[in-house]
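Only one structure is covered here, and it is reproduced in the block below.
Numbers restart at 1 for each chain; the letters A, B, ... are given by sequence-line order, proteins then strands.
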Amino acid sequence: MDKTFNPENIEKARYKEWEDKGYFEASGSGDPYCILLPPPNVTGSLHMGHAFQHTIMDALTRYHRMKGDNTLWQTGTDHAGIATQMVVERQLNAEDKTRHDLGREAFVEKIWEWKAHSGGTITQQMRRLGDSCDWKREAFTMNEDLSKAVTEVFVKLHEEGLIYRGQRLVNWDPVLHTAVSDLEVLNEEEAGFMWHMRYPLADGSGEMIVATTRPETMIGDTGVAVNPEDERYKHLIGKEIKLPLTGRLIPIVGDEHADPEFGTGCVKVTPAHDFNDYEIGKRHNLPMINIFTADAKMNNEVPEKYRGLDRFEARKLIVADLEEQGVLVKVEDHKLKVPRGDRTGAVIEPYLTDQWYVKVEPLAKPAIEAVEKGDIKFVPENWNKTYYQWMYNIQDWCISRQLWWGHRIPAWYDDNGNIYVGRDEAEVRSKHGLADDVALRQDDDVLDTWFSSALWPFATMGWPEETPELNTFVPSSVLVTGFDIIFFWVARMIMMTLKFTGKIPFKEVYITGLIRDEHGDKMSKSKGNVLDPIDLIDGIELETLVEKRTAGMMQPQKAQKIAKRTRSQFPEGIASYGTDALRFTFLAMASTSRDINFDMGRVEGYRNFCNKLWNASRFVLMNTEEADTGKNGGDIELSLADKWILAKFQNTLKDFEKAVSEYRFDIAAQAVYEFTWNQFCDWYLELTKPVLNNDASSEAQKRGTRHTLVNVLEQLLRLMHPFMPFITEEIWQRVAPLTDVKDVTSIMIQQFPQQSADMLDEKALQDVEWMKSFIVGIRNIRGEMDISPNKPVPVLLKNASDEDKRRMKDCDLFLATMARLESVTVLAADEKAPASATALVGEMEVLIPMAGLIDKDAELARINKALEKIEKDYARTEGKLSNESFVSKAPEAVIAKEKAKLDEFKMQMDKLKEQQASIAAL
RNA sequence: GGACGCUUAGCUCAGUUGGGAGAGCAUCGCCCUUACAAGGCGAGGGUCACUGGUUCAAGUCCAGUAGCGUCCACCA
């Protein structure tokens, strides 16, 4: 084995072997355990958030597979309608072409090409992460099976009246020329203005001042609203206003929406371009005048001079005209929420169009109940509040998109504007008795991407066919995802799966936090702080990284800043840490669902951890590979250390499994790390040396220690495998043949270690703790007194009990080596000790005579420091116990504990003082 | 306006029914001791954001304040 751990040499080959041998497929026996991969968009590549979630899913999958469950990790990708279409359109734009130059068919063909390429990238990246998902079942939301499910769901919902077509005001993205759902609109506060305008009464009897943030829409005004209770204006209700610029007469209406406290109390009403005004318009039967084209330019409804102008150009001109005509009263600075498309960033326009909708309320009801009844549990639980909040106020879902990439809506129109819905044109014709010569035209629109995603839990299992998978893996076990798609995806899956299978889609929803950069900023291309998980695995040169982060930046200034920041943060580029170190980092940071500020220091630390494991394994192999490990029989005698590490391993195993069952991967990781480094490496390996290197050890003793070495390591590797699949497999291949394991094909299809109470040797645990404190005591004196660790020291024992003496004897060999003892002398009760440095082991004092070794002042300082600390503890404990209300009210166990502490402190204090006095007297 | 979350060591974070403040990284000292310098041994470092309350006892429970963050709704 190499002297240091080199991940790049092992990972790819191992993965290929697992995949080729079919280890990722469900075994077909055991309890079903299923995780649905949130299908990544085929738009690009995996980011840190994916890597994080995939690590958790893979750890769970591997763990349950090893536990013997019938385990399926269902994988696949999402066609991501808008996002993908935009990527390919941008590519066309770079060639000075638009999708219209190609036409629909050719354009969609081009997207399929891109999908093949990009989807391949993603699946390759998943393999690098070690994802043990079943590639044979890989799904894609636009493939034939899923498309069939989509059509089926659409038709059925339509038949039940849960899908309908209607003309409504929608969120219109004027760049993409499509409607988007409420969820795809982000409302950001931006600085703007409030224009106050003078609207004259038609009868010349006065005027009203209305205020608006969008003066250009005044051309589409069809009313002015005042609150019916507003004393200032209520007498005007029913009168008319003469709208400036157009001269149209519009009515004054009384409507609760107008807030007398806000602005002037008078609201201009533009029903075709504002959601609130739309409702007012409906209430008062006001006409709706659409003044925009699909790309948000002024249309032919407006006075000629404004026609064809972009809405913001028109705004300037209209404001200027209003000012000139004396209509404009004043302009104030005003902060307002501007709706922007989440993909394009374009200002969304409320726009009157025909769209398809899902009537959501009847679907939402059972979906809410499923969570209320506890059939579906959110982890952590408080996310159910977020879920309820949205579900209780759910609005109908606009599912049609004016795009080319997606599932074409299965609806056909005849020349008279009749609409027919069916699985295909032939079905439509036969269902509605339409002759072949009746011209039918399929709806041009496609469905919202999330419509097909909502079917993922059952569509990937073969629905609408009755498949065995549908029976076995619905519901799935746990959904691992981010809070950002609870509404987009989680809620909709619950609704659709309940509707079409009568079953919940998953039993638990584990909500992860977001991966942010080291300062808590969101990782984004424009900030230039994006880390690519693959770069952390393979490493990347500084120049390549800078190039990657600054490529395609719109503003060169920004690119410079990013380059500078990158150079200072990674002067040497990024080292290759390997998949296992990256995975372990994610798991160790996955505490609750709070966001994670990704810290490179942690990755490096866990890379070192991999190296530690690697070298510990080298040590084990060095001592066992050419030797008798007892796997073929022979007497075995376990040392105290052997018994101790076996017991420690049991405790670790128990902690690990408990933590995993609670999705506390940080605690599980911590347990593994602590055991491996602080117990197995720091103590156990050192404790095997005296046994293995001592000529006095019997063959049974050596065999016992070798047997323990390989078998504990082997079990540890299995324990760690779900977290660090590659390194554990690599080492296991060497170690397993030396152990009692029969099947040495691959670690990933082994049983997970079994908890066993017989291995919990309490006596060994206590004896070794005693021994550790003995050794640490000596080391501490050495460290502070500058005594070389190599120099053997004589030791005197004072106040040693029979138990201490027994332990001295049992630990004799270990103590001599680990503490480098020259000699051990047990002092009789009345025997006077020479001046010494002291360490306390329980009530026993371990003395190192000062003669020639120890400096008087240094030892005094050391004692004083210890004394100070102990005195503080003593005072605090004594204070508690002398507090009458504590003694009378605290539970007895607590009081007893405090008393024991007090005695302990007193004893230590006395000994230290005694020591202090005798040294001071020198 | 409503909901949720955060504030603990220089940095990134744990701290599970209230009962002697922890980890990793960074820092300091000594060590190239044949598994490992990506290491070993030892050490230093915190008025747990602030104020008040409940309690014998509060990082932990309650109320409030300040700062930060997220989501939902929204006033033209």
Separation of the [atom1] atoms in [N] and [M], to the nearest angstrom:
N      : M      : atom1 : answer
B:rC41 : B:rC36 : P     : 14 Å
B:rU60 : B:rA21 : P     : 13 Å
B:rG46 : B:rC13 : C1'   : 14 Å

With both distances under 3.5 Å as the test, what is the Watson-Crick or G-U wobble partner of B:rC6?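 Looking at the geometry, B:rC6 pairs with B:rG67.
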
Please determine, for B:rC56, whether a Watson-Crick or G-U wobble partner exists with both distances under 3.5 Å, and give it or none. B:rG19

With heavy atoms under 4.0 Å as the rule, sort [X] into base, sugar-phosphate or nothing.
X        : result
A:Arg602 : base
A:Arg779 : sugar-phosphate
A:Trp195 : nothing
A:Lys689 : base
A:Glu686 : base
A:Ala258 : base
A:Met600 : nothing
A:Lys385 : sugar-phosphate

Just how far is it from atom OH of A:Tyr577 to atom OG1 of A:Thr579, taken to the nearest 0.5 Å?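 Interatomic distance, A:Tyr577 OH to A:Thr579 OG1, rounded to 0.5 Å: 14.0 Å.
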
Quick check for you: to the nearest 0.5 Å, what is the distance between A:Trp614 atom CH2 and A:Lys612 atom NZ? 15.5 Å

Tell me: [atom1] of [X] to [atom2] of [N], nearest whole Å?
X        : N      : atom1 : atom2 : value
A:Leu286 : B:rA76 : CG    : C1'   : 15 Å
A:Arg820 : B:rG42 : CZ    : P     : 16 Å
A:Leu514 : B:rC71 : CG    : C1'   : 12 Å
A:Glu188 : B:rG69 : CD    : P     : 13 Å

Which of A:Lys335, A:Arg340, A:Lys337 passes salt bridge (charged side-chain N to carboxylate O under 4.0 Å, His left out) with A:Glu190? It is A:Arg340

Just to confirm, is there a sub-4.0 Å distance from OP1 or OP2 of B:rA76 to any side-chain nitrogen or oxygen of A:His334? yes

side-chain N/O A:Arg664 vs B:rG15 OP1/OP2, d < 4.0 Å: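 Yes, because at least one side-chain N or O of A:Arg664 sits under 4.0 Å from OP1 or OP2 of B:rG15.
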
Is it the case that the side chains of A:Glu904 and A:Gln908 hold a donor-acceptor pair, with the cut-off being a distance below 3.5 Å and no angle test?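 There is such a pair (donor and acceptor under 3.5 Å, judged by atom type) between the side chains of A:Gln908 and A:Glu904.
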
Below 6.0 angstrom between ring centroids: does that apply to A:Tyr387 and A:Phe487?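 They do not qualify: ring centres at least 6.0 Å apart.
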
